[in-house]
2 protein chains.
Amino acid sequence: MKTLRVPEATVTRMSIYSRFLERLDRNGMTTISSNEIADGVGVSPAQVRKDLAYFGEFGTRGVGYNVQTLLKYTLKILGLNQAWPLAIVGSGNLGQALSTSRGFNARGFRVACVFDYDAKRVGKRIGQLLVQPIAQFPELTRKENIRIGVIAVRNSLAQEVANIMVQSGVQSILNFAPITLRVPADMEIRNVDLSITLELLTFNVGLKAAQSL
Amino acid sequence: MKTLRVPEATVTRMSIYSRFLERLDRNGMTTISSNEIADGVGVSPAQVRKDLAYFGEFGTRGVGYNVQTLLKYTLKILGLNQAWPLAIVGSGNLGQALSTSRGFNARGFRVACVFDYDAKRVGKRIGQLLVQPIAQFPELTRKENIRIGVIAVRNSLAQEVANIMVQSGVQSILNFAPITLRVPADMEIRNVDLSITLELLTFNVGLKAAQSL
DNA sequence: TTACAATTGTTATAATTTTCACATAATAAT
DNA sequence: ATTATTATGTGAAAATTATAACAATTGTAA
């Protein structure tokens with residue numbers, strides 16, 4: 001088997017290209033060059049071509065790329081040629097924001113159910129959905145064939161939720177709790193840690209202040 | 001001047017180490033080794049030592065690191081030895097979630113004001129704060145000496161908000177709108193794009209599926 | 001036709017980041 | 001005192017990622 005080792009940064013950029021192409025397509029644009037893509041998303045043209053080269057040849061020399069075709073390929077590559085129902089655990093502010101978020105209800109993603117530990121929250125409505133008790137997680141996710149779980153609970157519950165997800169056969173986790181979760185190696189897990197991003201900002205602001213002394 | 005070029009990945013990890021040390025400190029632990037830190041956050045011990053080495057020597061050979069001391073240094077390095085009032089623009093679900101979020105109200109950060117374009121939202125209360133009209137942004141942020149702006153509005157408004165932030169003298173932007181914003185080169189800007197993170201998951205799940213064929 | 005311009009795909013080069021290995025220093029034990 | 005043990009800090013090697021340069025291919029215009 002050919003081991004396709006693709007840098008994570010490349011995948012990230014593929015996602016960005018894909019979204020950019022979606023916009024172009026909506027605007028009726030039919031052809032685009034690596035130069036224009038690069039310009040549009042703020043990377044170098046060589047980077048764009050190199051990234052695409054990991055997955056095949058999608059362009060025509062001297063011409064460029066067909067927007068629709070390339071868009072389709074990027075979606076396929078990212079695994080977005082299928083539906084991805086999501087299960088969110090935690091119906092607090094964050095859970096609610098995510099449930100109704102555009103990013104979580106587009107491009108194949110759809111929040112299919114929301115769970116909570118707190119009996120007071122269970123049964124409440126969020127958009128079209130009713131908040132379910134966490135005890136229902138295994139059954140409901142299996143029934144809906146959910147492969148992505150989102151952790152939006154407080155830190156002290158996060159590991160427990162992760163365990164439930166693992167046991168329920170969810171394959172991948174998006175974790176918003178700022179702690180390092182222990183999961184089996186074959187689970188896909190990503191952490192979204194807003195504090196880290198903020199601290200990257202303060203570090204760089206501090207750096208600039210120091211350099212201007 | 002010695003140009004301290006630190007990889008961004010290192011800064012990210014510093015933030016993770018710092019948070020981990022905070023926990024250890026709360027638990028009364030006094031000494032820790034690079035091995036234990038590595039274990040706790042899921043990187044290699046060499047990586048931990050190399051990362052710290054960018055900023056100085058903080059440990060004692062044969063012994064390890066003093067938790068409190070190292071914690072203080074990490075905070076200082078990240079610029080967290082000062083207060084960072086934040087201004088959030090957008091008081092929808094996301095804006096509300098962020099305003100009350102732990103990550104945005106800890107370690108020196110504090111949501112100092114929330115703005116909105118929508119007159120219907122202005123004046124509403126979010127936690128202790130009143131939602132302000134966007135027109136007040138320049139004045140209020142200057143008064144409160146705010147250097148970090150958070151964009152939590154819909155895509156079509158994001159660039160306009162960014163422009164206002166730039167003009168108001170805010171130095172850095174945390175952007176939640178999934179579009180590429182144009183700002184002067186000396187602005188610090190980070191994008192939090194949840195779709196990208198989700199698509200990284202689906203890509204990898206797809207990859208695993210392909211590999212197991 | 002032929003030459004020219006545009007733009008991809010790819011190879012080679014450079015830069016960056018991580019890993020490894022070990023000299024060095026501190027502590028504890030004999 | 002001497003030896004053994006532990007764990008840091010760092011220089012060198014390996015791996016990864018990005019950049020640059022260019023040959024190849026297409027379309028166009030003279």
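Naming convention: chains lettered A, B, ... in sequence-line order (proteins, then strands); numbering from 1 in each chain.
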Output the rounded distance in Å from [atom1] ([X]) to [atom2] ([N]).
X	N	atom1	atom2	result
A:L52	D:dA18	CG	C1'	15 Å
A:Q47	C:dT13	CD	C1'	15 Å
B:R49	C:dA25	CZ	P	16 Å
A:D51	C:dG9	CG	P	13 Å
A:Y73	C:dG9	OH	C1'	16 Å
A:E57	D:dA23	CD	P	18 Å
A:E8	D:dT17	CD	P	9 Å

Minimum heavy-atom distance between [X] and [Y], given as atom pair plus value:
X	Y	result
A:I88	A:A152	CG2-CB, 4.3 Å
A:A87	A:T141	CB-CG2, 3.9 Å
A:I146	A:V170	O-CG2, 3.8 Å

So, [X] and [Y]: side-chain donor and acceptor under 3.5 Å apart, yes or no?
X	Y	value
B:T197	A:R190	no
B:E199	B:T202	no
A:Q159	A:N163	yes

- Query: Just wondering, do A:Q171 and B:K208 contact through their side chains at under 4.5 Å, heavy atoms?
  - Reply: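 When only atoms from C-beta onward are counted, A:Q171 and B:K208 do not touch, as no gap falls below 4.5 Å.
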- In terms of the angle between their ring planes, are A:F58 and A:Y73 parallel, tilted or perpendicular, with boundaries placed at 30° and 60°?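 Answer is tilted, since the angle falls between 30° and 60°.
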Collect all protein-nucleotide pairs involving nucleotides 25-30 of chain D in which both atoms are nitrogen or oxygen and the distance is under 3.5 Å.
{"unit_1": "D:dT26", "atom_1": "O4'", "unit_2": "A:R61", "atom_2": "O", "d": "3.3"}

- Message: Applying ring-ring contact (aromatic ring centres under 6.0 Å, His included) as the test, list every pair that has at least one member in residues 140-192 of chain A; sequence neighbours left out.
- Response: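 For residues 140-192 of chain A, and leaving out neighbouring residues, there are no ring-ring contact (aromatic ring centres under 6.0 Å, His included) pairs at all.
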- Task: Between A:I32 and B:A9, just flag the one whose closest nucleotide in DNA chain C comes earlier from the 5' side.
- Result: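 Mapping each residue to its closest nucleotide by heavy atoms, the 5'-most match is A:I32.
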- With no angle test and no hydrogens, is the base of C:dT17 tied to the side chain of B:K50 by a donor-acceptor pair under 3.5 Å?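 By the distance-only test, no, there is no pair.
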- Given the rule that a pair is Watson-Crick or G-U wobble with both distances under 3.5 Å, how would you write DNA chain D in dot-bracket, using | for pairs to a different strand? ||||||||||||||||||||||||||||||
